[in-house]
Amino acid sequence: GQQLNQSPQSMFIQEGEDVSMNCTSSSIFNTWLWYKQDPGEGPVLLIALYKAGELTSNGRLTAQFGITRKDSFLNISASIPSDVGIYFCAGQSSGSRLTFGEGTQLTVNP
Amino acid sequence: NAGVTQTPKFQVLKTGQSMTLQCAQDMNHEYMSWYRQDPGMGLRLIHYSVGAGITDQGEVPNGYNVSRSTTEDFPLRLLSAAPSQTSVYFCASSLTVLSSYNEQFFGPGTRLTVL
């Protein structure tokens, strides 16, 4: 089956720092997605990417769809304490079935 | 709209017991799915449905059954609970199954422990 490798697994940063995380796949995806999960909640969509090379921003978040269609990254600029949570990448190759990465646990120290 | 709702929020079972995790959505979404979340493994698809009366297996279907008698409801049944089924279960729904992505909305999750 499809495999998504997400790194890093965890990050501990100071408030105000920038954060970068990425996902790589063994196969091609048509859509890349980034979700955030707050403690005790379900994942919530942050950014959706639909075309190879696409660079999309949502406030302090920026994500890119890799040109090979096998990777994507997410950057968070000027982190704040409420950025704490688990960030997941997900790829979609057909229909609505998603393949999720393992998640990146982000901790922001005030 | 309430979105995607799941009950119960927490559940403890003994090995061999059966139970049903409930999921409902009030957005008239065609596509519904169940995932399990385990530490370090992301979310894995258990079963999904593209519409009422239609279900299919996902990545990890063994030990689980589903049915979709209405558009709104998509219950997940554990037939004989095992400790390996201790996990957090998420239900999700999206508008349709098209070639382009339709945002999936997740419920708050059910935390299941099997002793």
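Every chain is numbered from 1, with letters handed out A, B, ... down the list of sequences.
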How would you list, in number order, the residues of residues 60-67 of chain B that have a heavy atom less than 4.5 Å from chain A?
none
Under 4.5 Å between side-chain heavy atoms, hopping through other hydrophobics if needed: is there a path connecting A/Phe73 to A/Ile76?
no
Using the test side chain to side chain contact (heavy atoms under 4.5 Å, CB included), find all partners of A/Thr104 that sit at least two apart in sequence or belong to another chain.
A/Gln6, A/Pro8, A/Met11, A/Met21
Residue A/Gln9 excluded, over 12 heavy atoms near CD under 6.0 Å:
no
Closest approach of B/Phe90 and A/Gln37, non-hydrogen atoms and distance?
CZ-NE2, 3.1 Å
Under a 4.5 Å side-chain heavy-atom rule over Ile, Leu, Val, Met, Phe, Trp and Tyr, are B/Leu78 and B/Tyr48 clustered together?
no
Can you tell me which of B/Arg44, B/Arg111, B/Gln6 forms the most heavy-atom pairs within a distance under 4.5 Å of chain A?
B/Arg111
Straight-line distance of B/Gln104 CD to A/Tyr35 OH, nearest 0.5 Å
5.5 Å
According to a hydrophobic-cluster definition based on side-chain heavy atoms being under 4.5 Å apart (Ile, Leu, Val, Met, Phe, Trp, Tyr only), do A/Leu33 and B/Leu45 belong together?
yes
Give a yes or no on whether A/Tyr87 and A/Ile13 share a hydrophobic cluster (residues Ile, Leu, Val, Met, Phe, Trp, Tyr; joining criterion: side-chain heavy atoms under 4.5 Å apart).
yes
Same hydrophobic cluster for B/Leu112 and B/Ile46, using side-chain heavy-atom links shorter than 4.5 Å among ILVMFWY?
yes
Below 4.5 Å from any heavy atom of chain A, which atoms of B/Leu43 appear? Answer side chain, backbone, both or neither.
both
How long is the straight-line distance from CG of A/Leu98 back to OG of B/Ser94, given to the nearest 0.5 Å?
8.0 Å
With a 6.0 Å cut-off (strictly less than), is the heavy-atom count around NZ of B/Lys9, excluding the residue itself, greater than 12?
yes
